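We name chains A, B, ... by the order of the sequence lines, and we start the count at 1 in each one. This one's a predicted model, so the numbers in the text were calculated from it and none came from an experiment.
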There are 2 protein chains.
Amino acid sequence: MTDYRDSSGRRLDDYPRPSVAVDTAVLTVVDDALAVLLVRTGEGDAEWRLPGSFIHEGETLRAAVLRSLRMKAGIDGLRPRQLHVFDAPGRDDRGWVLSVAHVDVVGVDRLPASEGHLLARVDDLPDLKYDHEEIVAFAVEAVRVDYRTAPDPAGLLGDSFTMRQLRLLHEAVLNVRLLPDTFRRTMAPQLRATGETWVEGRGRPAEVFQRM
Amino acid sequence: MTDYRDSSGRRLDDYPRPSVAVDTAVLTVVDDALAVLLVRTGEGDAEWRLPGSFIHEGETLRAAVLRSLRMKAGIDGLRPRQLHVFDAPGRDDRGWVLSVAHVDVVGVDRLPASEGHLLARVDDLPDLKYDHEEIVAFAVEAVRVDYRTAPDPAGLLGDSFTMRQLRLLHEAVLNVRLLPDTFRRTMAPQLRATGETWVEGRGRPAEVFQRM
DNA sequence: CGAATAGTGTCTGTGAGACAATATTTA
DNA sequence: TAAATATTGTCTCACAGACACTATTCG
């Protein structure tokens, strides 16, 4: 490394450096409600936190997120989105730690169900360690903004789905009831109608749509 | 500091830590166009960068931004908004450096005009050091989103102003021409009409508005 | 057939965009 | 008075919300 000095004439490693972590709110839909994946902390009573990790040398934040999710939750193939840096002094009792919060949304079938994991409804969270409740709130708001205008931007439904499936998903994510006709007219122009239909329980079969 | 260990059994200071910097795009309006404040880097030929600094121990990102702007540009009293963490490997030739990008908008009268500073139109930037061109693009987009719907969210115009002053400002920030009547009808409900009028050059005097 | 669901017709209100008309001032 | 600017009137279009009606299937 070249011996660069900054405008104060100090070398880079003269400065104390913070620990930098990534923490990820992995959201999913369970029982018609938005839920977040929590992992148990090692020590003592049931204490929960978001999966996260300190970043490794030379690693990007994104790589750290993917690594921490693979190690701590066995999830692969996510596309995390960076949200915000949480930096309140004292937010982490282990020292000077910044956390770069991330969010992603995945199908519940891709999430672990073992003892050390919990899927908690976002409107009924247990106490979380650090400022992770704040991170969850931040993540939920970001995902809801996306789901207000675009059809299933996280791709939970796969390639093909009916308007009803799409609407029920959006109702779960947004925690509101949506009018079927208005919802259809908002989403249909953003989708490709296949002409095919699917039968689901009672009633007239529904047309199948695909992403553009 | 307590000797906490993480889930791998390692102490916090066993991990290598990145240097963390803040860089701020201070935007303003000059000659009916959006411009950004740049500072000259110490070494050699004219090289420009955003004002920034490494964070100091225990300092919040916000405090580091305010300190760096006070030291490097003599600006006080900003309310910077956090944008994004830039973390590409090799983005900084001095080593492993993350930058937390920020943005704020202030009146040109509050900015320094000395030799080491430059106000560059954002559509005609010189070459910038590091990935600061990317940060400027990010900042400009964030500010434009704000100015699309709300009247002068950064408060450049002070307490009282006419619709014309407000519209010319928005045209400068957004780099578009706006229809006076449509613009008025969008903004008027978000402002308080005073009944007072101001004469400016030719034409019928304009009503003075204030923020709600 | 009746219940349930899918999909369309249509009315209303709101608001943006656009152009025209009116109002008030300076040169 | 002519030009410039401010403000309001109004028309059109698009679209969300809402309700009603039609279509199709299962029990």
Side-chain angles (χ1 to χ4, degrees), chain A residues 29 31-32 144-153 156-212, chain B residues 29 31-32 144-153 156-212:
Chain A
V29 172
D31 296 336
D32 298 325
R144 285 186 171 155
V145 165
D146 289 348
Y147 271 80
R148 264 193 266 281
T149 56
D152 185 23
L156 291 190
L157 290 179
D159 280 345
S160 303
F161 43 83
T162 65
M163 262 311 157
R164 176 189 183 74
Q165 293 172 325
L166 184 64
R167 178 168 50 84
L168 293 178
L169 170 62
H170 280 244
E171 289 179 346
V173 170
L174 298 175
N175 194 28
V176 295
R177 268 181 302 170
L178 298 168
L179 293 178
D181 50 357
T182 302
F183 182 77
R184 179 191 191 80
R185 275 185 257 253
T186 305
M187 295 303 172
Q190 305 180 56
L191 297 168
R192 196 158 49 78
T194 62
E196 204 184 339
T197 58
W198 282 353
V199 180
E200 285 189 284
R202 298 270 266 270
R204 173 173 165 178
E207 182 162 17
V208 178
F209 290 85
Q210 298 184 338
R211 305 175 195 285
M212 291 262 220
Chain B
V29 172
D31 296 336
D32 298 324
R144 285 185 172 155
V145 166
D146 289 347
Y147 270 81
R148 264 192 265 280
T149 56
D152 185 23
L156 290 191
L157 289 178
D159 281 343
S160 303
F161 43 83
T162 66
M163 253 326 148
R164 176 189 183 72
Q165 292 173 326
L166 184 65
R167 176 169 49 85
L168 292 178
L169 171 61
H170 280 243
E171 289 180 344
V173 170
L174 298 174
N175 195 27
V176 295
R177 267 181 303 167
L178 298 168
L179 293 178
D181 50 359
T182 302
F183 181 77
R184 177 192 192 82
R185 275 185 258 251
T186 305
M187 294 303 173
Q190 306 181 55
L191 296 168
R192 196 158 49 77
T194 61
E196 203 184 339
T197 58
W198 281 352
V199 180
E200 285 190 284
R202 298 270 268 269
R204 174 173 165 179
E207 182 162 17
V208 178
F209 289 85
Q210 299 185 337
R211 305 175 195 287
M212 291 261 221

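One can place CZ of A:R204 at 10 Å from C1' of D:dT25, the figure rounded to the nearest angstrom. Separating the CZ atom of B:R185 from the C1' atom of D:dT7 is a distance of 9 Å, rounded to the nearest angstrom. Taking atom CD of residue A:Q165 and atom P of nucleotide C:dA6, one finds them 10 Å apart after rounding to whole Å. Rounded to an integer number of Å, the gap from B:L178 CG to C:dA16 C1' is 13 Å. Distance A:F183 CZ to C:dG7 P: 12 Å, rounded to the nearest Å. To the nearest angstrom, P of C:dA27 lies 7 Å from CZ of B:R202. Atom CG of B:L168 and atom C1' of D:dT5 are 12 Å apart (whole Å). Rounded to an integer number of Å, the gap from A:M163 CE to C:dT8 P is 10 Å.
Side chain of A:E171 to main chain of A:L178: a donor-acceptor pair is present (N/O by atom type, distance under 3.5 Å, no hydrogens or angles). In this structure, the side chain of A:T194 engages the main chain of A:V208 through a donor-acceptor pair within 3.5 Å. Using modelled atom types, one side-chain atom of A:H170 and one backbone atom of A:D152 make a donor-acceptor pair closer than 3.5 Å.
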Discussion item. Run A:M163 and A:L191 through side-chain contact (heavy atoms from CB on, under 4.5 Å) and show every step you take.
Written reply: CA-CA 10 Å; A:M163 262 311 157; A:L191 297 168; 3.9 Å; yes
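Side chain of B:P205, nearest nucleotide from C:dT24, C:dA18, D:dT24: C:dT24.
DNA chain D is contacted by both A:V199 and A:T186; A:T186 maps to the nucleotide lying nearer its 5′ end (nearest heavy atom per residue). The residue among A:G203 and A:R184 whose nearest nucleotide of DNA chain C is located toward the 5' end is A:G203.
Backbone-only contact: A:E207 has heavy atoms under 4.0 Å from sugar-phosphate atoms and none from a base.
OP1 or OP2 of D:dA6 sits under 4.0 Å from a side-chain N or O of B:R164.
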